[in-house]
Chemist: 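Take a look at this one; I'll ask things after.
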Number of protein chains: 4
Amino acid sequence: MAAVLRGSRNLLGRSLKHVDFTLVSSRSMASKTQVGFIGLGNMGKPMAKNLLKHGYPVIATDVFPESCKELQELGAQIVDNPAEVADQADRIVTMLPSSPNVIEVYTGPNGILKKVKKGSLLIDSSTIDPAVSKEMAVATEKMGAVFMDAPVSGGVGAASSGKLTFMVGGVEEEYTAAQELLTCMGANVVYCGAVGTGQAAKICNNMLLAIGMIGTSETMNLGIRLGLDPKLLAKILNMSSGRCWSSDTYNPVPGVMEGVPSGNGYQGGFGTQLMAKDLGLAQTTATNTKTPVPLGSLAHQIYRMMCARGYAGKDFSSVFQFLREDEEEGQ
Amino acid sequence: MAAVLRGSRNLLGRSLKHVDFTLVSSRSMASKTQVGFIGLGNMGKPMAKNLLKHGYPVIATDVFPESCKELQELGAQIVDNPAEVADQADRIVTMLPSSPNVIEVYTGPNGILKKVKKGSLLIDSSTIDPAVSKEMAVATEKMGAVFMDAPVSGGVGAASSGKLTFMVGGVEEEYTAAQELLTCMGANVVYCGAVGTGQAAKICNNMLLAIGMIGTSETMNLGIRLGLDPKLLAKILNMSSGRCWSSDTYNPVPGVMEGVPSGNGYQGGFGTQLMAKDLGLAQTTATNTKTPVPLGSLAHQIYRMMCARGYAGKDFSSVFQFLREDEEEGQ
Amino acid sequence: MAAVLRGSRNLLGRSLKHVDFTLVSSRSMASKTQVGFIGLGNMGKPMAKNLLKHGYPVIATDVFPESCKELQELGAQIVDNPAEVADQADRIVTMLPSSPNVIEVYTGPNGILKKVKKGSLLIDSSTIDPAVSKEMAVATEKMGAVFMDAPVSGGVGAASSGKLTFMVGGVEEEYTAAQELLTCMGANVVYCGAVGTGQAAKICNNMLLAIGMIGTSETMNLGIRLGLDPKLLAKILNMSSGRCWSSDTYNPVPGVMEGVPSGNGYQGGFGTQLMAKDLGLAQTTATNTKTPVPLGSLAHQIYRMMCARGYAGKDFSSVFQFLREDEEEGQ
Amino acid sequence: MAAVLRGSRNLLGRSLKHVDFTLVSSRSMASKTQVGFIGLGNMGKPMAKNLLKHGYPVIATDVFPESCKELQELGAQIVDNPAEVADQADRIVTMLPSSPNVIEVYTGPNGILKKVKKGSLLIDSSTIDPAVSKEMAVATEKMGAVFMDAPVSGGVGAASSGKLTFMVGGVEEEYTAAQELLTCMGANVVYCGAVGTGQAAKICNNMLLAIGMIGTSETMNLGIRLGLDPKLLAKILNMSSGRCWSSDTYNPVPGVMEGVPSGNGYQGGFGTQLMAKDLGLAQTTATNTKTPVPLGSLAHQIYRMMCARGYAGKDFSSVFQFLREDEEEGQ
C-alpha cells in the first residue's frame, strides 16, 4: 500500500481496457436504484441530500456517526462502513478529505473493494493526488468494477444549491453513467480524459487561481501605496491585460466589490488552509513529473506561512491583508 | 539631479496647486496649433504621424536625426533639440525609452525646461519610475507649466492604428486638454489621479500581467504533463476561477489559440526584455514604498533569467517554452 | 515526530518497541560472517568492495546482472534477488536510487522481507523520503528484524576511498552493530535519532547546501557586475557573515578556487539532477509536515529549470553559469 | 564596471584621473590635524569618539543638535552644517542613514561641496546605492577633492569598541590616507577597488547573509519537524556542506547557541528593518545591472513581509520565529 503514495510508473501506466463493459452497462440502465454515498462532511452531506431530492434512494456511511443523522431523517439508509455500502449499491460516490482517507475507504479492511460488485461504478469526488486516483482505478479494475475521479470546484454553497462543477476523469464509455448522477449535484460536468485528469484539472485551476489571487493582492497593494484609488485600479486592470478572476470577480481589497469575502472580514469563502492543501498537491504532482512551477511553488509557501500566522481559517483572499503593512507595527 | 532617482518624500509630496490655470486655459483653447513631439522611435513615430493625420502641425526632434526623416517628408518641422521644440510649441508629447532619457530631455542643457513657455502642457508617454514623473512635474511647475504622465499600453501595432490605451496622471483641470491630443493617438484614455498615477497604473497592470503569464505557462505545462489536452485545459481554466487574460486571450501554448505569438514561434508581441524593464520599475517602486511583492519579484527574476538565456527578443509568452523541459536535453 | 506522520498516522505511528533484542544481539556478535549488499550502482559497488577489503564475505545482487561482475571476480557471491540475499545473510546493506526501488526491494515479491531471518539488521543507505523509511521499519519489525536508515553524503570518490559520511536513524540499541559495518565504508558515522532521522538530516543538509550554492552564485555574479574582482569578493565574503561552504570550499566561479568543478567546466561533482531529486524530497517532507520553506522551494524550482535547459548532468555549482548573462545572447 | 553605469552613462562613466594628487598628498601628511565628522547617530557617535580617543581633534555636525552634546562635552567642536565642517577640515567622515541624506549632505545648499577645500579627502561610511557613491565621487572630483566609499560591517557594539570592518572603494593612491583614519575606528580595513566597490562588497555580503539566515531557519525548522534535535542538526550541518555563518556562528534557533539574539528573544543584533533596507539596495543594483538574483529577491520580500507583520525591530534571525508554525494559531 505504501506504493500508493509514490509515482511508480509501472503501476500507474496500466490501462483500464480489461474492464467488462457488458456488466457495466447493465448497471447504468438501473436508474433510480440505490446510490451509495461515503463521506458526509460539509461538502458530502449537501451533495447526498441533492441525490435524495432527485429521487435516488441513498445508502450512506461516515466515520463519524453523528454526521449521518440528518441524512437518516431524510430517508437515507445508514450502514456501518464502506464495505456494507458496496454490498448493496452498485453506484457509489465518495467525498473525503485527503488521499489517505480515500485509500482507507477503498482498500482498507472494511473498504469498498472488499464487497464491490462486478460492474459497479465508483465515483470519487475528493481532491487528492492524481497518482492515488490512478492506483484506486487499478485496484477497482481488478475487482471488475470501474473507478472515476470527479473532484469539484465550488464550495459549501454550491454543494447545497446543486451548482458544483465536476471535473471528471475515467474511461469515456462510463462518462454518461457518471453524468447522470453528477448532474443532480452540479451545474457543470466536464469530461477531462483518462483517470486522474479530473484531479489534474482541479489542481491546475487552483494553482493558477492562487497565483492570480496573490498577484492581484500584491498589485492592488502596490497601486494603493502609489496613490491609486483601489476601485479605479481594479477597473483599469479589468479592462487591460492584468485582468483575472481574482481582480474582476473576487477582488481581495475591502470595499472594491460587494458580496465577496474581502467585504466581510474574509469570513466564509475558500479557506487558506484548504488552498494550502491543494497547492501541496500541485507541488507533489509537479515534483513527480519534474515540472518547474516557480510561481506555484512560491504561492504554496506563502499560503503555508499564512497558516503559520493565524490565517488558516480565513478566506484565501486574505493574502491581501497578510501582505499589507500593519500601520502600527510596520516601519 | 541625483535626487531624481530616489524616493525623497519632501520633494515628491508637494502639491501642484500653484500653477496658474488662467495661463493654462488660454493654451488649451488653441486647437490645431503646433504640437511638439520628442522621441521618434518605434512607438513615437507612428504616434506623431497620427497627430499629423488629425490635422495638427507637428514640430519634432530625436537624438538620432535619421529617425526624423519620414516625419519631415510628411510635413513635420524638425528642430535640433527639445529646447527648440519648447520654444515654438506650447503642447508637447514626449515618448522616450527610460528615466534617464526623460530627465535629460526635460532638465538637461538643451532640455524642454530651458525654453518652456508659461502655461505649456507637457505630456510624457514614456514608461518610467513614477517618482521621476513627480520630480519632472515639480520642475515643470517651477517654470509655470504643467506636466502630465500618460504611459501607454498596446504595442507598435496599436500605435500605428491609433488604438493605444493611455493612463493619465496629473491635475484634473488639465485632463481635458490632454485628452484632446491623446484621443488622436489612442482608443482609450483613462484618468488615474495625481501626477505619477498613470505610471503607477501601467506598472501595476504589467506586473500582474507578468504574474498571470508565468502562472498560466506553469499551469498549462503541468496539466499537459499530467495528461490533459492543452485546448481542453485552457477551456476548463477559462470557465473557472483560474481564468486570466493570459489564459483566455493570449495563451502561451502553441496550438491553443490563433493569432497570438505562441502560434508564431513567439515572434512579435511584447518582448521579454521590455517586460523585464517594466518589472524592474515595479520592483523599484515596491522597494521605495516598502511594499512586499513576492510573486512580482520572482516574475522579474524569471524574465531576467530568460534575458540571460537568449529570450530577450522573443514575446514574453515564451516563458512557456523556457519552463518546458527540453525533451532532448532534459533528464 | 508526530508532525512527520500526518496524513497516514495509523501506518507510521507504530512504535518499534516489540523487536526482540535478544535475537538481535546474537547476530551482532557474529562479526565477519556474511554481509548482504543490494544495489551495485556507482555508489553501491565501491561500498561493497570496501566491505570485502575489510574481510567481510559479501553476498550481493543487482537488478542489472552486469553490475555484479566485478564484485564476483573479487570473491563476492552473487544471487538472483533480494529474497535470496536475506535467506543467507542476517546483515544487509541496501543502496538504491529512489523510494519505489526501496519499496520493491524490501516488500516486493522477491523482496528481502519474504525471507528475512528474525533478528536481522537491515541498513538502507539510499536517499529517500523519511516517511518511506519509517514504513520499511514498520514492515521489517513485523518480521522480527531491525531496519535503520543510513544515507550518505560524499560522492563516488568518497565511496571508493571509504570516506563517506553516514547519517543514521534507528533504535539506539542497534547503532553499535550498524556502526561496525558502516565504518568500513565511511569516515564519519553520525547517530541522528529515531528511524527516518538519518534521511531527515541528509535532506536538511542538502536543502541548505542548494540554497547556499545558488545564493553564492547570485552574489558572486552581482559583485562581478558591480566591478569587484571575484577572488577578492570571495575573500571578503569568507572573512564575513556571508561565508558558507559554497563560498569557501566549493566556489562556483571559474578561477576563484582550484580543484573544484567550477575550474573544470562543471564536470564531475554532484549533478544538478541529483540535487533536484534531493530538493524534491525536501519539498515532499516539507509539504507533509506543513513546514514553510520558501527559499528551499525556489531552489528546487531553479534546479528543475536547469534540468529542463541542459544542465542535468553538470555539477550543481553550474547554477552560476545558468544565472550569468550570456554575453552574446543577452540584451 | 561599465555594467554598473547602465542607465546613466554620461554621469557616472567619467574617470577620476584628473584629481591633482600633489594637493592630496600635502593633506595626507597632516596627521592629527582636525577631522570632520558628519552624522552622529547610533553608529556615527561612537565612531567619532574613537577618533577623539586616538588624539584627532574632531569638528562635527548633525541634523539633530541634541546628538552633538556628548561629543561636544568630550571636546569636539560642533558647527551648524556640513559646509562649515568642510570649511575647516580637509578630512571628513560621513555616516548617514540613506542615499538621499548623503546627496543632501554632499550636494545640498549647505553641503560639503559648497566649501570643500582642494585636495580634501571625503570618506562616506553610509551604506547606500553604489551608483550614488559614484555620483558623489564625480561631484567631489569636480571640486578638486577625493571621495571614497567605506561602508562598515559590525553593529553599534563594534562601532563602540573600534572593531568595525571597513570595505573601501576609491582611487588606490588615497587608500593609505583613508586607512590611517579608518584603523582608529575599525579592526579590519579592506580595499575593494574603484569607487562604489566598497558599497558593492557590503551589499553582496549582506545579500548572501540574508539568504543564509533564511535558509538556515527553514532548514532547522524542517529538521525539527522531522524529529531531529536542533543542537544535533546544527552540529551535523556545521560538519557538512550545509555549513554557513548563520548555522555555525549566529544560529537562529533558541537554545542552540549562547550569546546570540535567538537566545534573547531576538533582541539586539541586526534589525530586520535594516536588513530589508540593505536587500532593497541589492535589488536596485541588481535591477540596474540586469543581474538575476532570484533567492536574494525572495529574501528581500520575506524581510519586507516581516516588517509588515511586526518584526521590524527584531534581529534578522527572527525569521526562524516568523516561519515557524504558531502552535495555537496554526492548522
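Residue numbers begin at 1 in each chain, while the letters A, B, ... track the order of the sequences.
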Chemist: Rounded to the nearest 0.5 Å, what separation is found between the SG atom of C:C204 and the CG atom of D:L233?
Modeler: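 One gets 5.0 Å once the value is rounded to the nearest 0.5 Å.
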
Chemist: About how many Å separate CG of C:N206 and CG of D:L237, when rounded to the nearest 0.5 Å?
Modeler: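 D:L237 atom CG to C:N206 atom CG measures 10.0 Å (nearest 0.5 Å).
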
Chemist: With a 4.5 Å cut-off on heavy-atom pairs, point out which of C:I211, C:T249, C:L298, C:L228 contacts chain D the most.
Modeler: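 If we count pairs closer than 4.5 Å to chain D, C:L228 comes out on top.
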
Chemist: Heavy-atom pairs under 4.5 Å with chain C - which of D:G223, D:G193, D:C192, D:A282 has more of them than the others?
Modeler: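 It is D:C192.
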
Chemist: Most heavy-atom pairs under 4.5 angstrom with chain D, which of C:G154, C:A299, C:G296, C:S240?
Modeler: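 Heavy-atom pairs under 4.5 Å are most numerous for C:S240.
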
Chemist: If you count heavy-atom pairs under 4.5 Å with chain D, which of C:V190, C:I302, C:D248 comes out on top?
Modeler: C:D248

Chemist: If you measure from OG1 on D:T197 to CG on C:L232, what distance do you get to the nearest 0.5 Å?
Modeler: 8.0 Å

Chemist: So which residue, C:A200, C:G242, C:S241, ends up with the most heavy-atom pairs under 4.5 Å with chain D?
Modeler: C:S241

Chemist: Which atoms of D:Y191 are under 4.5 Å from chain C, going by heavy atoms: the side chain, the backbone, both sets, or neither?
Modeler: backbone

Chemist: Is D:D229 close to chain C through its backbone or its side chain, or both, or neither, when contacts mean heavy atoms under 4.5 Å?
Modeler: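 Contact with chain C involves no heavy atom of D:D229 at all.
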
Chemist: Classify the side-chain pair D:R225/C:T285 by whether it contains a donor and acceptor separated by less than 3.5 Å.
Modeler: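 No.
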
Chemist: What part of C:M167 lies closer than 4.5 angstrom to a heavy atom of chain D: side chain, backbone, both or neither?
Modeler: side chain

Chemist: How close do C:A286 and D:L222 get, counting heavy atoms only, and between which atoms?
Modeler: CA-CD1, 3.7 Å

Chemist: Tell me, side chain or backbone of D:M239 under 4.5 Å from chain C's heavy atoms, or both, or neither?
Modeler: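 Side chain of D:M239 only, per the 4.5 Å heavy-atom cut-off to chain C.
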
Chemist: Just give me the residue among C:L209, C:I236, C:T216 that pairs up with chain D most often, heavy atom to heavy atom, under 4.5 Å.
Modeler: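 When all of C:L209, C:I236, C:T216 are compared, C:L209 has the most.
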
Chemist: Determine the minimum heavy-atom distance between C:T219 and D:M207, stating which atoms define it.
Modeler: OG1-CE, 3.5 Å

